Amino acid sequence: MNLITTVIFIATALSAVLAIVSFWLPLISPDQEKTSPYECGFDPLGTARLPFSMRFFLVAILFLLFDLEIALLLPLPWGDQLPLPASTFFWATFLLILLTIGLIYEWLQGGLEWAE
């Protein structure tokens with residue numbers, strides 16, 4: 001057998017085994033915790049018309065914003081290999097200053113307070 005046939009065979013066999021295990025394994029022991037619905041910390045058995053706390057969503061959006069900031073700054077150590085590394089570091093510093101100003105603004109406005 002040549003290399004391509006072997007790779008295709010291994011990939012197909014591994015996919016089939018993983019698919020069979022993924023369908024078979026959850027059926028082994030369903031208990032109360034596995035079968036109960038989970039609705040992001042809210043009671044799933046109550047009414048669906050309860051008002052949500054806006055603070056919860058604002059803190060979640062702030063978390064996503066700063067998580068995205070880390071993803072944008074992750075390739076920064078390789079910026080010194082570019083032809084103009086000063087411009088890369090300038091824009092990274094600008095981004096950090098802008099986000100820091102936004103964080104200070106949210107802090108002063110009380111947007112980070114969890115309880116009222």
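Given the structure is predicted, the values throughout are model-derived calculations rather than measurements. Counting begins at 1 with the first residue of the sequence.
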Do I10 and T6 make a side-chain contact, defined as non-hydrogen atoms from C-beta onward lying under 4.5 Å apart?
yes
Atom CG of L62 and atom CG of D67: how far apart are they, to the nearest 0.5 Å?
12.0 Å
Single-linkage hydrophobic cluster, 4.5 Å side-chain cutoff, L98 and L73 together:
no
Are F89 and W91 grouped together when hydrophobic residues (ILVMFWY) are joined by side-chain heavy atoms under 4.5 angstrom apart?
no
When you group the ILVMFWY residues by side-chain heavy-atom contacts below 4.5 Å and let the links chain together, are F66 and L96 in the same group?
yes
Distance (rounded to the nearest 0.5 Å) between I70 CD1 and L65 CG
10.5 Å
Is the shortest heavy-atom distance from the side chain of L84 to the side chain of T88 under 4.5 Å?
no
In terms of heavy-atom contacts, does CG of L18 have more than 12 from other residues, nucleotides or ligands at under 6.0 Å?
yes
Which label fits F90 and F94: parallel for a plane angle under 30°, tilted from 30 to 60°, or perpendicular past 60°?
parallel
Hey, can you pull the donor-acceptor pairs under 3.5 Å for the side chains in residues 105-112, sequence neighbours left out?
none

